Amino acid sequence: MKKNNDFDFISSKFEEENVKAPESLNAENVIENFDKKDVSNIVKLNKNKRGIKSFVAVAACVALVITSVAIGGKYFRTPVEPDSPIGHITQAKLEGIKYFESYDELNKTLEDLMPEEDNIVEKGLGIFRNEFSKGSYAVTEDAAESSSANTIGATGKSFGKTNTQVEAVDEADIIKTDGKYIYYLCEYEGNEIKIYSADNGKTELVSSIKTPSDKNRYFSEMYINGDKLIVIGTYTKEGKAYYDYEQNTFVNIYDIKDRKNPELETEYAQSGSYSTSRLYDGCVYIISNYYKFQFKKGFVPCVDYNGKGAEEIPIENICGVVDSKRTGYAVIGAVSLNGKSTKQNTKAILGVSDNVYCNEKNLYLAGTDYSYESFSAENEKTQIIKYSFDKTDVKLKASAAVKGRVNDQFSLDEKDGNLRIATTVTNYNDGKDKNYLFVLDKNLEKIGEVTGFARGEHIEAVRYIGDTAYVITFQQTDPLFIIDLSNPKEPEITGEVKIDGFSSSLTPVDENTLLGIGYSTKENEFGGIQTNGLKFVVFDISDKNCPKVLSEKTMVDCDSPVQEDHKALCINRDKGYFAVPYYTYNDDDEYDIHHASVGIIRVNNGKIEFSELDCGKEDEIRRCTYIDDYLYAVLSESGEIESFTVK
């Protein structure tokens, strides 16, 4: 396919028609004269969860290998160029990005990507177009007759907020509070959102919002924004074969001025399974992954506003990564909480997904390509796509690829317009991992790097604080590396310290102290290393050249959702504690959950002070939050709330 921004091609067409192209239309002058516009299901993991995680990752690799072919293969950088004046496509044209002039061209590309023996031709948009907007949501009044950084609400109370990567950008979760009410997504009992009043440790169910009992719909996460409750969920429609299904993401916005009677006011839906979302400045940004194991004609992402029927995303809002091995879309929707949105606000890109980093201006997608080539030495690579946003106006800005794979969203961070990204490369020839940290400028051009550190280990956690990166790697011990990024063109490792086990998350205690939460480890009967519990460690980072371990605490036969999900950590800066939900298990029966508890962690003079809040029930606590002096922990299976006084 010819590129829409290929000036040589255009020039040749002028020559074929015996017409001399004016000098003003050469590439340099066109660029100069145009304004440069910036373009859950619950899985209960046990003490062997790290092995399970690795197995899932390998399975994902295999699945992607089966459904993938290469479009190209070179490393490229993608400078921002002005909007193309050619044709109807108005988004920025970037090197390494494939654009489409029609849905037919898009379908032909998809058909070529899919393995020939798997091709299935099906007319129309099928399941999504016909089924998505059917159904409604029931609001019940079960008690209608009854009366992370810290946030100070309109009530004057101090209350918890979700532990997020970027302070100003909210992340969806299964629990929220506004200082007066607690909102909890109970997934065991009918998949419903329960609204509780909370007053001095006493809670009372006010109302609940349920998904239709006869529909295959599930709530996933939610936000609270003033008197609006934003709920995100998924809907799946199965086809004739087990692999033939459509999965879609929906957003419902409820008016909750009257907490006893929430009213649904806005519905939005987009193609693909829910990946993640962000809330900033009155807009929700939703990312979903839309893929098929077999090609079907009409495999075009759709959106549906307020049940009016699914519409295809405009072709000018769809593009692809030239050398990606992936055949699915990342769909990026922007929904305003107070105004109307259109299908023009939704974008889709073929070939990138997985992890999302978002700050107040830009949203980055980072997806690792797994292919046959990846299993040769150092051929793993992560594709990065950068979007800018202003309310619902989302624009493609830049694209690039770096070697290796990212661990999670915390592997990425932006400062002063530069993206910092940490990756691990697995060398399948000798089994020795290598780790890298790249610094990319605003156009995602590489300007600095730290290469090949911690050979034989892989990244487990990253935290960026100002001009410093803190990186945890693991093989048999847990090294903390400190990387100085004050000169982005010459980043360097300045210090490291090792400890048994490893941290899967890093959280600042203060400017000189870092709290690591992760896994304790032990040697098994085969001489290998396996996880066997929950571990806390406090690092002294006051001297960037000589970090130290100040204290540590190990809890054998314990697991916590914080080990795998940063949003499970409840942080109360006013009271100076970290609340960590956890549960214990037996060696004989690793799924036997008992003594659902919350650990209260305080760090005083570098020492860990630990106290237990025991619910005394055989259940699991996945989340907790606080209002003033009271900590509220929700029991997962029953949806009941236990309260504790924590001063």
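Computed from a predicted structure; not experimentally measured. All values below come from the heavy atoms of this structure, side chains included, with hydrogens, waters and symmetry mates left out.
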- Item | Separation of F410 CZ from R463 CZ (nearest 0.5 Å) | 5.0 Å
- Query: What orientation do Y329 and Y290 show, parallel under 30°, tilted 30 to 60°, or perpendicular over 60°?
  - Reply: parallel
- Task: Would you kindly say whether Q165 and Q409 are connected by a side-chain donor-acceptor distance under 3.5 Å?
- Result: yes
- Donor on one side chain, acceptor on other, S275 and S288, under 3.5 Å: no
- Item | Gap separating the CG atom of D390 from the SG atom of C283, nearest 0.5 angstrom | 8.5 Å
- More than 12 non-hydrogen atoms from neighbouring residues, nucleotides or ligands closer than 6.0 Å to CD on E490, yes or no? no
- Taking atom types as modelled, find out whether S277 and Y223 have a side-chain donor-acceptor pair closer than 3.5 angstrom. yes
- Message: Under a plain distance cut-off of 3.5 Å, with no hydrogens placed, do S388 and N362 share a side-chain donor-acceptor pair?
- Response: no
- Message: Can you tell whether the side chains of K415 and D467 come within less than 4.0 Å, N to carboxylate O?
- Response: yes
- Polar side chain donor-acceptor pair, T424 to N435, under 3.5 angstrom: yes
- Query: Between CG of L485 and CD1 of I465, what distance do you get to the nearest 0.5 Å?
  - Reply: 11.5 Å
- Task: Answer yes or no: is there an ion pair linking D565 with R623, defined by an N-O contact shorter than 4.0 Å?
- Result: yes
- Task: May I ask you to test the N163-D173 pair for a side-chain heavy-atom distance under 4.5 Å?
- Result: no
- T249 (side chain) donor-acceptor with G272 (main chain) under 3.5 angstrom: yes
- Query: Hey, does the side chain of Q270 reach the backbone of V331 with a donor-acceptor pair shorter than 3.5 angstrom?
  - Reply: yes
- Yes or no on salt bridge (Lys or Arg N to Asp or Glu O under 4.0 Å) for E221 and K567, after CA distance, side-chain angles and deciding distance? CA-CA 12 Å; E221 294 181 312; K567 291 182 286 188; 2.8 Å; yes
- Query: What distance separates I517 CD1 from L534 CG, expressed to the nearest 0.5 Å?
  - Reply: 7.5 Å
- Query: What's the verdict on side-chain hydrogen bond (donor to acceptor under 3.5 Å, both in side chains) for S520 and N532, showing C-alpha distance, side-chain angles and the deciding distance?
  - Reply: CA-CA 6 Å; S520 61; N532 72 331; 2.7 Å; yes
- Between the side chains of R420 and S411, is a donor N or O closer than 3.5 angstrom to an acceptor N or O? no
- Message: Whether the side chain of R278 engages the backbone of V356 through a donor-acceptor N/O pair (distance < 3.5 Å, no angle test) should be reported.
- Response: yes
- Query: Does the side chain of Y291 come under 3.5 Å of the side chain of Q247 through a donor N or O and an acceptor N or O?
  - Reply: no
- Message: Regarding K489 and E449, does a basic nitrogen lie under 4.0 Å from an acidic carboxylate oxygen?
- Response: no
- Name the one of F474, F453, Y436 that satisfies ring pair (Phe, Tyr, Trp, His ring centres under 6.0 Å) with F481? F453
- Item | E552/K535 under salt bridge (Lys or Arg N to Asp or Glu O under 4.0 Å): CA gap, chis, key distance, verdict | CA-CA 7 Å; E552 55 184 292; K535 184 164 186 174; 2.8 Å; yes
- Aromatic plane relationship, Y357 with Y364 - under 30° parallel, 30 to 60° tilted, over 60° perpendicular: tilted
- Message: Checking the side chain of T164 only, and the main-chain atoms of E171 only, is there a donor and an acceptor separated by less than 3.5 Å?
- Response: no
- State, to 0.1 Å, how close A422 and I459 come at their nearest heavy-atom pair, and which atoms those are. CB-CD1, 3.8 Å
- Starting at CG of N545, measure out to OG1 of T494 and round the result to the nearest 0.5 Å. 5.0 Å
- Task: Keeping the roles fixed (side chain from T423, backbone from V406), state whether a donor-acceptor pair exists under 3.5 Å.
- Result: no
- Task: State yes or no: are the ring centers of Y470 and Y464 separated by less than 6.0 Å?
- Result: no
- Query: If you round to the nearest 0.5 Å, how far is OG of S560 from CG of L569?
  - Reply: 8.0 Å
